[in-house]
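Structure first, commentary second.
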Amino acid sequence: MTEWKRTHHCGEVRKTFAGQTITLNGWVNRRRDLGQVIFVDLRDRSGLVQIVLDPEVLGPEQFALAERLRSEFVISVQGIVQERPEGQVNDKMATGEVEIHVSQLSILSEAKTPPFHIHQASDVDEALRLKYRYLHLRSKELQETIMLRHRTVAAVRSYLDGQGFLEIETPLLIRSTPEGARDYIVPSRVHPGEFYALPQSPQLFKQLLMIGGFERYYQMARCFRDEDLRADRQPEFTQIDVEMSFVDRDEVMKTMEDMIIHVLSEVKGVQIESPIPRLSYQEAMDRYGSDKPDTRFAMELVDVTEHLGNSEFRVFADTVSTQGVIKGLNVKGGASFTRRQIDQLSEQAVSMGAKGLMWFAIEESQIRSPIAKFLSEQELDAIRKTLAGEVGDLLLLVAGSYDLVSDVLGRLRLALAKELDLIDENLYNLLWVVDWPLLVYDEEAGRYMAAHHPFTAPLDEDVDLLESDPGKARAKAYDLVLNGVELGGGSIRITSRSLQERMFAALGFSMEEAYDQFGYFLEAFEYGAPPHGGIAFGLDRLIMLLAKRQSIRDVIAFPKTISASDLMIEAPSRVSDRQLDELKISLRD
RNA sequence: GGAGCCGUGGUGUAGUUGGUUAACACGUCGGCCUGUCACGCCGAAGAUCGCGAGUUCGAGUCUCGUCGGUUCCGCCA
């Protein structure tokens with residue numbers, strides 16, 4: 001009873017197969033019943049092919065079976081591949097030149113009418129699609145995306161294997177740490193009242209693997225964070241997690257950019273030139289107002305503070321006297337914006353925290369601006385020159401603290417690029433952002449926090465800033481940015497005991513507190529730790545970019561909703577009293 | 001934690017200033033049909049308008065609450 005087994009896939013049948021008898025397995029995508037002949041588009045993961053069900057070939061009994069076929073029935077057909085008759089070629093189908101004239105039909109599984117049309121599932125309410133995820137997965141879009149994901153992972157593995165990396169798994173049941181994101185917690189039955197945590201990342205384990213002597217490690221690491229979600233954030237996600245020994249920053253970056261270049265070439269056929277451009281964090285903020293700049297279009301931020309330092313215009317004078325900055329954008333061709341459009345831009349700027357948005361429309365005879373009358377001829381001219389304003393351009397200025405101005409203009413820049421359609425969607429602009437701040441002052445906590453994590457090494461020349469001016473210290477950290485999206489980040493780690501102590505001190509931890517939390521980890525460094533560093537890439541985000549999807553849910557086979565529910569399996573759920581009893585857990589209320 | 005949007009036959013949508021038979025397309029079911037490919041033609045079934053309160057003579061429509069989905073801010077590397 002094996003004659004139902006396929007000899008070929010639907011999507012691969014071509015004219016060259018004509019005359020062959022083949023067997024196909026798949027789902028009924030669509031049926032067109034003309035009475036004395038039935039056409040069916042048969043679907044498997046390779047694609048579609050038309051099969052012809054003709055009573056003269058099938059015989060009356062089998063044709064009666066064919067009449068029962070409905071959408072999503074799973075069938076097996078055996079038949080002869082034939083070129084389609086003159087004028088019947090369907091050039092919308094890859095297999096449109098041929099059809100299978102079926103002589104043997106088996107229904108392997110009948111199907112209820114599905115709750116939505118598989119072939120236009122993307123229009124359907126997302127809650128319904130998630131409940132019947134296994135049906136949505138049959139759609140062309142999701143099939144292609146999940147296959148793209150597979151090819152990407154395969155390309156990563158083959159590259160890293162070729163570079164001498166070992167794939168090593170690390171535990172999922174680990175110890176909770178208060179730093180960073182909220183942990184998912186797992187109660188222990190054997191240790192009542194104690195809990196495991198699911199890893200936010202395998203950070204400490206991969207460093208311990210370096211201390212364990214494996215030199216080059218990677219893993220497709222599942223990570224968990226119990227935080228509020230977004231279109232590009234899931235409670236569980238996958239990182240391409242990498243760590244290397246006996247390397248400096250340049251070597252990690254070189255190896256990793258070659259990996260991404262390899263993936264883009266393998267998966268998308270895109271050729272990227274090496275080396276990838278590098279931008280310091282400071283320069284990224286100065287020029288793009290973002291720590292992950294999208295360089296597919298220009299419209300860079302320009303600082304005009306120095307030209308307006310002596311202005312009598314209140315806004316400028318106040319800004320300068322409070323050590324603020326005045327920066328701007330040149331919106332090419334923006335002088336033709338309507339007043340309404342400009343007002344909307346101002347509203348946007350204000351909603352982002354700006355006090356206001358100043359604008360200058362450069363026309364043939366004048367510079368049109370509500371604040372022109374407050375400015376001298378020289379000042380107007382300086383603004384126009386510094387921003388390289390030409391007739392037809394719209395110049396936008398924002399004044400305030402450096403951080404605020406950068407943020408507002410950076411976001412305005414992206415919004416304008418989208419609105420004006422300045423972005424070439426075919427580009428793949430990769431760049432490194434380096435020399436990150438090591439520490440960031442947290443007003444709420446009243447202390448410095450690690451910008452990356454507490455084991456990130458400072459730049460050699462900045463080590464002494466740990467005590468003298470911690471906020472100024474830069475880190476041996478690097479982020480890889482693709483088209484304005486952070487693909488991944490990493491750092492060279494601290495391997496010196498004394499430097500680690502100074503780092504904890506800067507973070508306001510005593511060594512006792514540090515040992516309490518990370519004792520096993522710090523102890524490991526006392527037994528011979530190689531210099532090492534690594535990086536982690538968000539695999540889901542990478543796939544999202546490669547597949548050009550708007551949501552990370554589209555690139556995960558079984559994603560959760562924005563409220564972290566799985567609508568298919570209905571998780572999370574209550575558990576039985578017996579389970580709770582075993583865990584010595586009682587619920588409040 | 002905060003703000004916005006969405007929820008009407010199985011699916012996607014329409015539904016006027018609140019007004020009595022909730023419309024259309026696809027799908028489903030039945031009939032016809034031998035070259036369709038979004039097959040076509042004829043006919044039929046299918047909705048307590050997410051749920052709960054309120055306003056009103058009367059609510060799919062207005063108000064409040066609630067549930068679910070989603071987008072953004074906070075949060076999260």
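Just so it is clear, the values below take in all heavy atoms, side chains as well, and ignore hydrogens, waters and symmetry mates. All of these numbers come straight from a predicted model, not from anything done at the bench. Numbers restart at 1 for each chain; the letters A, B, ... are given by sequence-line order, proteins then strands.
Between the P atom of B/G1 and the CG atom of A/Asp226 lies a distance of 12 Å, rounded to the nearest Å. In this structure, A/Arg129 atom CZ and B/G12 atom C1' are separated by 12 Å, rounded to whole Å. In this structure, A/Leu128 places its CG atom 16 Å from C1' of B/U13, rounding to the nearest Å. For A/His119 and B/G10, the NE2 to C1' distance is 14 Å, given to the nearest whole Å. In this structure, A/Leu34 atom CG and B/C42 atom P are separated by 16 Å, rounded to whole Å. At whole-Å resolution of the value, CD in A/Glu56 and P in B/G35 are 13 Å apart. In this structure, A/Leu135 places its CG atom 15 Å from C1' of B/G27, rounding to the nearest Å. Note: CG (A/Asp123) to C1' (B/G10) measures 16 Å, nearest angstrom.
Mapping A/Phe116 and A/Asn90 onto RNA chain B by nearest heavy atom places A/Phe116 closer to the 5' end of the strand.
With respect to A/Asp183 and A/Arg175, no salt bridge is recorded, no charged nitrogen being found less than 4.0 Å from a carboxylate O. A salt bridge is defined here as a Lys NZ or Arg NE, NH1 or NH2 lying under 4.0 Å from an Asp or Glu carboxylate O, and A/Asp540 with A/Arg149 meets this definition. Under the 4.0 Å criterion applied to side-chain N and carboxylate O atoms, A/Glu227 and A/Arg182 are assigned as salt-bridge partners.
The separation of B/C62 from B/G9, taken at their C1' atoms, amounts to 25 Å, rounded to a whole angstrom. Rounded to the nearest Å, the gap between the P atom of B/A23 and that of B/A45 is 12 Å. Comparing the P positions of B/C51 and B/U8 gives a spacing of 10 Å, expressed to the nearest Å. Nucleotides B/C75 and B/U13 place their C1' atoms 37 Å apart, quoted to the nearest Å. One C1' atom belongs to B/C73, the other to B/G58, and the distance between them is 42 Å to the nearest Å. Taking atom C1' in both B/A47 and B/A14, one finds a spacing of 15 Å when rounded to whole Å. Straight-line distance between the C1' atoms of B/U34 and B/C41: roughly 16 Å, to the nearest whole Å. Comparing B/G60 with B/U16, their C1' atoms sit 13 Å apart, to the nearest whole Å.
For A/Ser71, the side-chain atoms get nearest to B/U28 when compared with the rest of B/C39, B/U28, B/G69. In the set B/C33, B/U36, B/G69, B/G69 carries the atom at the smallest distance from any side-chain atom of A/Leu567. Side-chain proximity of A/Ser565 to the nucleotides B/G35, B/G69, B/C26 is greatest for B/G69.
Taking only side-chain nitrogens and oxygens, A/Arg70 comes nearer than 4.0 Å to OP1 or OP2 of B/C29. At B/U36, one or more side-chain N or O atoms of A/Gln88 fall inside 4.0 Å of OP1 or OP2 (strictly under the cut-off). Within the structure, a side-chain polar atom (N or O) of A/Arg30 is placed less than 4.0 Å from OP1 or OP2 of B/C39. Here A/Arg32 reaches the OP1 or OP2 of B/C39: one of its side-chain N or O atoms lies under 4.0 Å away. Look at A/Lys92 and you'll find a side-chain N or O under 4.0 angstrom from OP1 or OP2 of B/A38.
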Apply ring pair (Phe, Tyr, Trp, His ring centres under 6.0 Å) to residues A/Phe224 and A/Phe237 and explain how you reach the verdict.
CA-CA 7 Å; A/Phe224 306 86; A/Phe237 59 98; 8.0 Å; no

Q) After noting the C-alpha distance and the side-chain angles of A/Glu72 and A/Arg43, does the key distance pass the salt bridge (charged side-chain N to carboxylate O under 4.0 Å, His left out) rule? A) CA-CA 9 Å; A/Glu72 303 308 314; A/Arg43 180 187 75 233; 2.8 Å; yes

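Across all strands shown, B/U28 forms a Watson-Crick or G-U wobble pair, both distances under 3.5 Å, with B/A44. Across the strands present, B/C64 finds its partner in B/G52; the criterion is a Watson-Crick or G-U wobble pair with both atom distances under 3.5 angstrom. Checking B/U16 for Watson-Crick or G-U wobble geometry (two distances, each under 3.5 Å) identifies no partner in any strand. Across the strands present, B/A3 finds its partner in B/U71; the criterion is a Watson-Crick or G-U wobble pair with both atom distances under 3.5 angstrom.
Checked by distance alone, A/Gln50 brings a side-chain donor or acceptor within 3.5 Å of a matching partner on the base of B/U36.
Heavy atoms only, all atoms of each residue included: A/Val98 and A/Arg84 are closest at O-NE, 3.0 Å. In terms of heavy-atom proximity, A/Trp27 sits nearest to A/Val74 at NE1-CG2, 3.4 Å.
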With sugar-phosphate taken as primed atoms, P, OP1 and OP2 and all else as base, the protein-contact string of nucleotides 70-77 of chain B at under 4.0 Å (heavy atoms; B, S, -) is BSSBBBBB

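Remark: ring of A/Phe39 overlaps the six-membered base ring of B/U36 in a stacked fashion, centroids less than 5.5 Å apart, planes less than 30° apart.
Ring geometry for A/Phe509 versus A/Phe504: interplanar angle of 30 to 60°, hence tilted.
Across all strands, A/Asp125 comes closer than 4.0 Å only to sugar-phosphate atoms, never to a base (heavy-atom distances). Heavy atoms of A/Pro85 sit under 4.0 angstrom from at least one base atom. Within the 4.0 angstrom heavy-atom criterion, no nucleotide atom of any strand lies near A/Asp479.
The distance from the OH atom of A/Tyr217 to the CD atom of A/Glu243 is 8.5 Å, given to the nearest 0.5 Å.
Between A/Phe558 and A/Tyr134, a ring centre-to-centre spacing not shorter than 6.0 Å is recorded.
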